[in-house]
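Note sheet for the following structure.
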Amino acid sequence: MPNQFVTSLQCLKCGKTYPADNKFTCQFCGDEGILDVQYDYDLIKSILKSQIANRSYEMWRYRELLPIEDSAKIPHLKIGWTPVYETEKLARYIGIRKLYIKDDGRNPTNSFKDRASAIGVLKAIEFGFDKIACASTGNAASSLAGLSAAVGLQSYIFVPERAPEPKVTQLLIFGANVFRVKGTYEQAFELSKKSCEKFGWYSRNSGTNPYLVEGKKTAGLEIAENFGNDLPDWVVVSVGDGCTIGGIGKGLQEMKKLGFIERIPKLLGVQAEGAKPVYDAYISGKDLIPSDTNTIADSIAVGTPRNWRRAIKQIRASNGTMITVSDEEILEAMRLTARLAAVFGEPAGVAGVAGLKKAIQNKIIKPDETVVVVITGNGLKDIQSAKVAAGKEYVISPDIDSVAKIIE
Ligand SMILES: *Cc1c(COP(=O)(O)O)cnc(C)c1O
Ligand SMILES: [Zn+2]
């Protein structure tokens with residue numbers, strides 16, 4: 001039984017609609033025509049508000065808003081409803097009245113991507129596949145590997161040459177078939193796309209798969225439900241492909257339609273200076289031009305983002321804006337978030353904190369406003385960058401004098 005609340009898939013570029021089946025992009029717009037899942041919100045409204053109080057705190061509590069069948073067997077892992085912390089010390093240090101951190105590094109494979117992969121594996125099963133594939137800078141892959149292990153699918157994963165070792169190790173331990181492609185993320189992406197066509201695998205690639213962003217939007221649904229009408233003024237999110245911020249924006253818009261909140265917080269999208277094609281398209285108002293990538297924030301080092309239209313559409317709809325940060329600012333944010341809020345994020349995970357600090361300095365965000373920053377990935381994903389940020393330990397001989405020398 002298909003999800004009765006889903007009405008169609010609609011092209012984000014030309015607006016044409018399609019039935020909600022195993023379709024990827026618009027037949028008129030090609031790869032540019034990302035499809036967006038449409039729902040019957042009147043029907044959902046009559047059900048969700050009365051049901052939600054009885055449901056467990058995880059992403060599936062918004063079942064009517066997810067494109068999955070009634071009979072779908074939900075993975076046993078706990079995904080979503082990640083903790084939200086008020087962080088007074090970090091707020092004071094960077095000069096903002098109230099700062100909350102939503103720690104999505106607390107998902108089962110330690111990144112935001114679990115929200116999307118959970119939908120990906122259920123769609124693969126629904127459409128009759130037993131193999132699923134993706135290309136990823138790391139987290140989409142490790143989460144796909146973990147979720148595939150949870151539901152019993154075989155996974156095939158293409159990672160770019162520079163994917164950090166801890167992430168690749170995560171793939172292998174979950175039993176994925178891993179191809180390390182001697183090339184960039186873009187090359188890995190093309191190869192995974194061709195392989196899906198040639199070998200008949202289901203594609204989890206989040207830029208073009210219309211369903212995955214529906215998982216990502218659950219963070220927006222959670223923020224809305226969590227804060228209700230005490231919603232913060234801003235939600236800050238790092239941007240690579242654009243699915244995360246686009247999804248969160250969609251989730252917030254839906255919660256407004258459903259009457260959970262009265263307004264939408266402004267979205268601040270943060271890119272790395274060394275990989276900022278979405279930022280450039282946002283500023284110029286023109287179509288995106290692919291760029292080179294050069295940043296330590298590997299999870300947002302995307303030179304050819306697929307979902308930039310969705311990202312920019314949601315940022316504009318929220319009256320938000322975008323900003324870029326340097327690698328130095330990202331490393332500083334890693335230290336600050338760990339030392340003042342005790343949350344350890346990977347570089348892309350804390351890029352939002354760096355963006356917030358800069359947005360306050362640039363008077364984009366005012367000191368009396370309130371903010372939620374989404375920490376999108378755990379710091380142990382990339383220990384090399386963490387070590388650059390953290391500095392070195394003291395190496396000493398096992399006697400008290402050595403300790404004393406350093407203490408004095
Ligand atoms: C994927 C990812 C992002 C960005 O998400 P996009 O959908 O690519 O914009 C940010 N942070 C982390 C840790 C990620 O893994
Ligand atoms: Zn189209």
Side-chain angles (χ1 to χ4, degrees), residues 59 77-85 101-118 134-147 157 159-160 162-171 173-174 185 204 206 212-213 215-216 218-219 222 235-245 247-248 269-272 275 293 295-302 325 327 329-331 333-338 341-356 372-390:
M59 66 182 277
L77 301 169
K78 182 186 182 288
I79 306 168
W81 206 267
T82 48
V84 175
Y85 306 121
I101 276 182
K102 182 168 175 64
D103 185 9
D104 253 65
R106 291 281 298 275
N107 279 305
T109 77
N110 310 100
S111 86
F112 194 95
K113 297 289 195 292
D114 288 338
R115 298 175 184 271
S117 291
C134 79
S136 164
T137 53
N139 287 332
S142 41
S143 101
L144 180 63
L147 267 298
I157 290 165
V159 297
R162 63 182 291 179
E165 223 44 49
K167 294 185 186 178
V168 177
T169 309
Q170 239 186 333
L171 304 179
I173 200 70
F174 287 129
Y185 169 69
R204 181 243 179 260
S206 59
L212 296 175
V213 77
K216 291 193 164 189
T218 56
E222 288 169 16
V235 175
V236 183
V237 186
S238 57
V239 177
D241 241 325
C243 314
T244 302
I245 198 165
I248 289 176
V270 183
Q271 287 216 288
T293 59
T295 169
I296 52 157
D298 66 289
S299 301
I300 51 170
V302 184
V325 291
D327 281 2
E329 288 165 326
I330 290 173
L331 290 170
M334 281 181 84
R335 283 190 298 273
L336 290 176
T337 312
V343 172
F344 180 18
E346 65 166 279
V350 300
V353 173
L356 169 63
V372 181
V373 179
V374 182
I375 304 292
T376 46
N378 183 279
L380 287 174
K381 294 268 189 179
D382 177 7
I383 47 174
Q384 233 168 338
S385 297
K387 280 194 144 173
V388 175

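Nothing fancy with the numbering, it's 1 onward along the sequence.
Y85 places none of its side-chain heavy atoms less than 4.5 Å from the side chain of K102. For the pair L380 and P166, the minimum side-chain heavy-atom distance is 4.5 Å or more. D298 places a side-chain heavy atom less than 4.5 Å from the side chain of E346. A heavy-atom distance below 4.5 Å is found between the side chains of R204 and L212. Between P347 and D382, the closest side-chain pair of non-hydrogen atoms falls below 4.5 Å. Side-chain contact check for F112 versus I248: some heavy-atom pair is nearer than 4.5 Å.
For Q170 (side chain) and T109 (main-chain N/O), a donor-acceptor pair under 3.5 Å exists by modelled atom type. In this structure, N107 contributes its side chain and G80 its backbone to a donor-acceptor pair below 3.5 Å. Judged by distance alone, the side chain of D114 and the main-chain N or O of I79 form no donor-acceptor pair under 3.5 Å. Between the side chain of T218 and the backbone N or O of M59 there is no donor-acceptor pair closer than 3.5 Å.
Taking each heavy atom of Q271 and G240 in turn, the nearest pair found is NE2-O, 3.8 Å. Pairing each heavy atom of A351 with each of I300, the nearest pair is CB-CD1, 4.2 Å. For the pair A272 and T295, the tightest heavy-atom approach, listed with the atom from each and the gap, is CB-OG1, 3.5 Å. Here the closest heavy-atom approach between residue G352 and residue V373 is recorded as C-CG1, 3.8 Å. Between A354 and E329, the closest heavy-atom pair is CB-O, 3.5 Å. Scanning all heavy atoms of the two residues, the minimum distance from V159 to A163 falls at CB-CB, 4.0 Å.
Checking I101, D104, T82 one by one against I375, the side chain to side chain contact (heavy atoms under 4.5 Å, CB included) holds for a single residue, I101. Exactly one residue among S299, S142, S111, S136 makes a side-chain hydrogen bond (donor to acceptor under 3.5 Å, both in side chains) with K167. That residue is S299.
Expressed to the nearest 0.5 Å, how far CE of M334 lies from NZ of K387 amounts to 12.5 Å. Annotation: the span from L147 atom CG to S117 atom OG amounts to 5.5 Å, rounded to 0.5 Å. Atom OG1 of T376 is separated from atom CG of N110 by 12.0 Å, given to the nearest 0.5 angstrom. Note that CG of N378 and CG of N139 are 9.5 Å apart. Values are rounded to the nearest 0.5 Å.
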Kindly determine whether I296 and I330 satisfy side-chain contact (heavy atoms from CB on, under 4.5 Å), including the steps that lead there.
CA-CA 9 Å; I296 52 157; I330 290 173; 4.2 Å; yes
